[in-house]
Amino acid sequence: DALLPKNYAGGDLIIRQGDQANGMYILESGKVSVVVKSSNGDEKTLNEVNEGGYFGERGLITRQPRATNIVAIGDVKVAFLDKAAFERLLGPCMDIMKNKVIEDDEELARVFGTQASISKGSMNSTN
């Protein structure tokens, strides 16, 4: 009862970089693109998430704004887990999830040079 089904069409913005995190998503079908926009406006696709993957947990773990945009590639069906349910159900797994956030930060720094260059500007209001 904690998961809410949601559907998106190709090109739909599921998560907007800079928004406050309100939940996470489990990808039931389809594929999404993970895109980050740097402070100078450059956009880079970091990854694609396929069926069975998940996204949106970073903002819940760090309590920071969304770090990336998530865009549907074709039709997408997700199960949405809101913030309260996430904290109730996944709280015991928080250390494992924090390690993934560290890995993601390292990837962002590799792509853009430093974490500081990412965090300036639009990222101060995101994932």
Side-chain angles (χ1 to χ4, degrees):
D1 69 281
L3 296 173
L4 175 67
K6 293 188 175 193
N7 296 294
Y8 297 92
D12 284 356
L13 185 62
I14 300 171
I15 289 178
R16 181 181 309 277
Q17 185 173 324
D19 286 353
Q20 290 300 314
N22 62 343
M24 70 171 286
Y25 302 77
I26 300 166
L27 195 52
E28 293 183 351
S29 65
K31 185 182 344 184
V32 299
S33 181
V34 181
V35 179
V36 68
K37 187 173 184 178
S38 69
S39 58
N40 66 5
D42 290 341
E43 288 190 359
K44 294 262 187 183
T45 299
L46 298 180
N47 197 9
E48 290 182 351
V49 180
N50 296 303
E51 184 176 320
Y54 60 92
F55 55 91
E57 79 288 354
R58 183 185 203 285
L60 297 173
I61 294 167
T62 64
R63 300 181 194 271
Q64 298 294 314
R66 299 286 193 185
T68 61
N69 290 319
I70 304 293
V71 181
I73 301 173
D75 291 338
V76 169
K77 181 178 179 184
V78 299
F80 178 75
L81 183 66
D82 72 26
K83 184 178 179 179
F86 174 87
E87 290 174 353
R88 183 178 78 247
L89 297 172
L90 298 176
C93 302
M94 200 61 73
D95 287 339
I96 294 168
M97 298 184 92
K98 284 180 183 176
N99 287 335
K100 182 172 182 337
V101 168
I102 291 168
E103 291 172 11
D104 291 346
D105 285 347
E106 290 170 354
E107 177 67 10
L108 290 172
R110 185 186 68 74
V111 170
F112 287 103
T114 67
Q115 184 64 30
S117 66
I118 300 164
S119 297
K120 294 177 183 171
S122 63
M123 294 272 303
N124 288 336
S125 58
T126 42
N127 201 12

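Small disclaimer: the values here were computed from a predicted structure and weren't measured. One-based numbering along the sequence shown.
- Between Gly30 and Leu27 the shortest heavy-atom distance is O-CD2, 3.5 Å.
- Screening Asp75, Val71, Val78 for a side chain to side chain contact (heavy atoms under 4.5 Å, CB included) with Tyr8, the sole residue that qualifies is Val78.
- Separation of atoms CG (Asn22) and CG (Leu60) is listed at 7.5 Å; rounding is to 0.5 Å.
- With values rounded to the nearest 0.5 angstrom, Arg16 atom CZ is found 7.0 Å from Asn69 atom CG.
- A 4.5 Å side-chain heavy-atom check between Val34 and Ile70 finds at least one atom pair inside the cut-off.
- What you find for Ala21 and Gly59 is that their closest heavy atoms are CB-C, 3.5 Å.
- Partners of Ala84 by side chain to side chain contact (heavy atoms under 4.5 Å, CB included), not counting sequence neighbours, listed by chain and number: Asp82.
- For the side chain to side chain contact (heavy atoms under 4.5 Å, CB included) test with Thr68, the passing option among Val35, Leu46, Ile15 is Leu46; the others fail.
- Residue pairs meeting the ring pair (Phe, Tyr, Trp, His ring centres under 6.0 Å) criterion with at least one member in residues 15-46, sequence neighbours excluded: Tyr25-Phe55, Tyr25-Phe80.
- In the hydrophobic clustering of this structure, Phe86 groups with Leu3; members are Ile, Leu, Val, Met, Phe, Trp, Tyr whose side-chain heavy atoms approach within less than 4.5 Å, directly or through other members.
- For residues 28-50, no pair satisfies ring pair (Phe, Tyr, Trp, His ring centres under 6.0 Å), with sequence neighbours left out.
- Interatomic distance, Gln64 CD to Gln20 CD, rounded to the nearest 0.5 Å: 8.0 Å.
- Side-chain heavy atoms closer than 4.5 Å link hydrophobic residues (I, L, V, M, F, W, Y) into clusters, and following such links, possibly through other members, connects Ile61 to Met24.
- Here the shortest heavy-atom pairing between Ile73 and Val32 reads CD1-C, 3.8 Å.
- The salt bridge (Lys or Arg N to Asp or Glu O under 4.0 Å) test applied to Lys31 returns Glu48, not counting sequence neighbours.
- Transitive grouping of hydrophobic side chains (ILVMFWY, heavy atoms separated by less than 4.5 Å) keeps Val36 and Leu13 in distinct clusters.
- Residue pairs meeting the ring pair (Phe, Tyr, Trp, His ring centres under 6.0 Å) criterion with at least one member in residues 30-54, sequence neighbours excluded, do not occur.
- For Lys77, the salt bridge (Lys or Arg N to Asp or Glu O under 4.0 Å) criterion is met by Glu28, not counting sequence neighbours.
- Residues passing the side chain to side chain contact (heavy atoms under 4.5 Å, CB included) test with Glu51 are Ser29, sequence neighbours excluded.
- Nearest heavy-atom pair, Ala9 versus Ala72, reported as atom, atom and distance to 0.1 Å: O-CB, 3.3 Å.
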